[in-house]
Protein chains: 2
Amino acid sequence: MPDDPWQPPRILLAVDLVILTLRDARLHVLLVERGIDPFLGALALPGGFLRDEHEDIEVAARRELSEEAGLSDVHLEPLAVYGEPGRDPRGRVVSVAYLAIAPRLPEPVAGTDAANASWIPVDDALAPGAKLAFDHRRIVIDGVERARVKLEHTALATAFCAESFTISELQQVYEAVWDVRLDPRNFYRKVQGARGFIVADGPMRKTPNGRPARLFRAGPIHVLNPPMTRP
Amino acid sequence: MPDDPWQPPRILLAVDLVILTLRDARLHVLLVERGIDPFLGALALPGGFLRDEHEDIEVAARRELSEEAGLSDVHLEPLAVYGEPGRDPRGRVVSVAYLAIAPRLPEPVAGTDAANASWIPVDDALAPGAKLAFDHRRIVIDGVERARVKLEHTALATAFCAESFTISELQQVYEAVWDVRLDPRNFYRKVQGARGFIVADGPMRKTPNGRPARLFRAGPIHVLNPPMTRP
DNA sequence: AGGACTTCCTGTCGTTCTGACAAAAAGCTA
DNA sequence: TAGCTTTTTGTCAGAACGACAGGAAGTCCT
């Protein structure tokens with residue numbers, strides 16, 4: 001067999017997005033109702049195929065983030081690859097999943113394109129009865145777990161907050177993502193002790209009721225030292 | 001535009017392997033000398049394209065692990081995806097990189113297939129003068145960094161050791177991967193304190209010189225509590 | 001105006017964890 | 001037996017952590 005006519009197989013490459021945010025102290029994920037055939041009508045993660053052979057994968061992820069969710073300038077990081085042969089009935093589709101974290105501000109899903117997108121509480125999306133298209137249930141689980149782990153030793157929590165935030169708002173992020181209750185006094189001490197995590201914003205304050213809280217911004221540090229410890 | 005003739009682009013999917021091991025207290029990575037055209041003669045990570053359209057990606061990784069390195073039954077985990085458009089001159093190649101950890105035992109590279117594979121100290125492979133094919137330098141860096149991080153809060157270090165090992169052998173793993181010196185007394189206490197990390201093996205011992213050391217096996221736990229802390 | 005209430009922020013206290021070091025234990029070699 | 005090496009068991013002070021008390025600074029209600 002001197003000349004081998006073997007050619008590597010060609011694959012369809014897709015991107016899927018796990019977009020997490022906080023709404024009234026609960027963790028939500030953005031899901032869209034599918035309008036085309038495989039799993040028509042079922043809930044699925046936003047995503048799609050590469051536009052053409054030259055599009056970068058992360059560029060495609062940001063494009064879908066903008067097209068399907070109306071979001072830009074949010075935290076975005078690669079999550080994992082899902083390429084099991086039977087995962088898509090249309091053929092061999094390998095999907096690169098990304099994890100995106102959006103601040104709580106964009107309350108209603110911006111409606112330029114697919115307005116059939118909606119924020120679903122993660123607990124509901126993963127409830128035993130809930131059915132997600134493809135292997136998206138597994139992808140959501142992996143995305144949430146990634147967020148939980150990264151909250152421990154990186155400054156990812158600030159990506160859930162607006163540019164200015166209070167320490168108790170930051171605490172709500174940890175409580176919602178970890179699904180635990182934390183002591184405000186110890187949390188305050190811990191967060192202040194991790195230098196570079198948060199820095200004081202203007203000495204302004206804001207207040208619905210109770211004593212006004214100081215405002216902070218995300219600091220320059222991305223890796224927490226010492227890390228936050230989950231109970 | 002009611003019917004859109006657009007078709008998603010088709011991509012070449014490859015797997016690349018960062019295989020790490022310890023040889024005389026230094027971290028090594030397995031590299032092969034390329035025998036075909038792109039980057040012919042340069043050092044590269046073992047890897048290759050999917051065999052056919054139905055091969056699972058991790059199965060392909062284990063196949064390459066066996067074909068190009070003669071290894072089986074080693075720790076293997078997904079590392080990341082590398083799909084930048086220009087990374088392979090042959091076309092749009094998206095590569096799924098895996099991280100493999102091999103115990104120190106298989107000293108010479110098993111020579112069934114490609115005997116042009118060799119263990120290279122990571123320091124040499126990443127030295128400023130060294131040239132690796134494609135973007136494999138970046139992949140090696142990411143693989144080593146992944147190993148460093150996972151050593152902190154998982155039991156990954158035991159994957160570098162044989163089935164039975166001493167605590168000082170385990171310490172050498174941490175010292176080589178982290179490139180630090182650790183206090184044997186504190187390391188001993190720390191490792192013993194993380195329950196489930198290591199369990200006593202037969203009360204046997206072994207000894208080149210010095211007091212004989214107790215033997216341990218990897219415990220049932222994969223996540224360390226408390227974690228190992230890097231100085 | 002003056003409490004009542006809410007939330008934010010600063011401390012305290014005892015336990016646990018950590019890093020630096022001492023010293024005994026258990027082999028080998030000469 | 002003395003000397004060397006390496007493993008194992010302790011000790012001790014300082015840092016980190018969980019649980020909790022209490023003052024500070026606002027709003028709301030009467």
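Sequence lines set the chain letters: A, B, ... in the order given, protein chains first and strands last, and positions in each chain run from 1. All heavy atoms count here, side chains included; hydrogens, waters and symmetry mates do not.
Counting to the nearest Å, the C1' atom of D:dC20 and the CZ atom of A:Phe187 are 19 Å from each other. Atoms CD1 (B:Ile167) and C1' (C:dA25) sit 15 Å apart, rounded to a whole Å. One atom, CG of B:Asp183, and another, P of D:dT6, lie 15 Å apart when rounded to the nearest Å. Spacing between atom CD of B:Gln172 and atom P of D:dT6 amounts to 10 Å, rounded to whole angstrom units. D:dC20 atom P lies 15 Å from atom CG of A:Leu182, rounded to whole Å. At whole-Å resolution of the value, CD in A:Glu169 and P in C:dC9 are 11 Å apart. A:Arg181 has its CZ atom 15 Å from the P atom of D:dC20, to the nearest Å. For the pair B:Gln171 CD and D:dT6 P, the interatomic distance rounds to 12 Å; values are reported in whole Å.
With no hydrogens or angles considered, no side-chain donor-acceptor pair links B:Asp16 and B:Tyr82 at under 3.5 Å.
Interface remark: the A:Arg189 side chain does not form any donor-acceptor pair with the C:dG11 base, using a distance-only criterion of under 3.5 Å.
Side-chain nitrogen and oxygen atoms of A:Tyr188 include at least one within less than 4.0 Å of the OP1 or OP2 phosphate oxygen of C:dT10. OP1 or OP2 of D:dT6 has not a single side-chain nitrogen or oxygen of B:Ser168 nearer than 4.0 Å.
B:Pro46 is listed as a side-chain neighbour of B:Leu30, based on a closest heavy-atom distance under 4.5 Å. Annotation: side chain of A:Thr158 is in contact with side chain of A:Phe197 (closest heavy-atom distance under 4.5 Å). By the 4.5 Å heavy-atom criterion applied to side chains, A:Gln172 and A:Arg104 are counted as neighbours.
With B:Ile139 as the fixed residue, the side-chain contact (heavy atoms from CB on, under 4.5 Å) test singles out one of B:Val18, B:Val29, B:Val144: B:Val18. The side chain to side chain donor-acceptor pair (under 3.5 Å) test with A:Lys150 singles out one residue from A:Glu77, A:Glu145, A:His222, and that residue is A:Glu77.
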Using atom names, set out every protein N or O paired with an N or O of nucleotides 26-30 of chain C below 3.5 Å, distance rounded to 0.1 Å.
residue, atom, partner, partner atom, Å
C:dA26, O4', B:Arg211, NE, 3.4

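Taking the charged nitrogens against the carboxylate oxygens, B:Asp142 and B:Arg138 do have a contact shorter than 4.0 Å, which makes a salt bridge.
Closest to the side chain of B:Lys190, from the set C:dG19, D:dA19, C:dT18, is C:dT18.
The main-chain N or O of B:Leu79 is found under 3.5 Å from a side-chain atom of B:Arg146 such that the two form a donor-acceptor pair.
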### Task
Would you please test B:Arg34 and B:Phe134 for side chain to side chain contact (heavy atoms under 4.5 Å, CB included) and show each step?
CA-CA 11 Å; B:Arg34 283 184 62 81; B:Phe134 307 107; 3.5 Å; yes
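Relative to the axis of its first five pairs, the axis of the last five pairs of the helix from C:dC9-D:dG22 to C:dA30-D:dT1 sits at 10°, rounded to 10 degrees.
Under the ring pair (Phe, Tyr, Trp, His ring centres under 6.0 Å) criterion, the residue pairs touching residues 170-192 of chain B are B:Tyr174-B:Trp178, B:Tyr174-B:Phe187, with sequence neighbours excluded.
Residue contacts for A:Arg214: at a heavy-atom cut-off of 4.0 Å it reaches the sugar-phosphate backbone alone, with no base atom in range.
The 5' end of DNA chain C is approached more closely, in terms of each residue's nearest nucleotide, by A:Thr166 than by the other of A:Thr166 and A:Asn186. Nearer the 5' end of DNA chain D, as judged by each residue's closest nucleotide, is the contact made by B:Gln192, out of A:Arg185 and B:Gln192.
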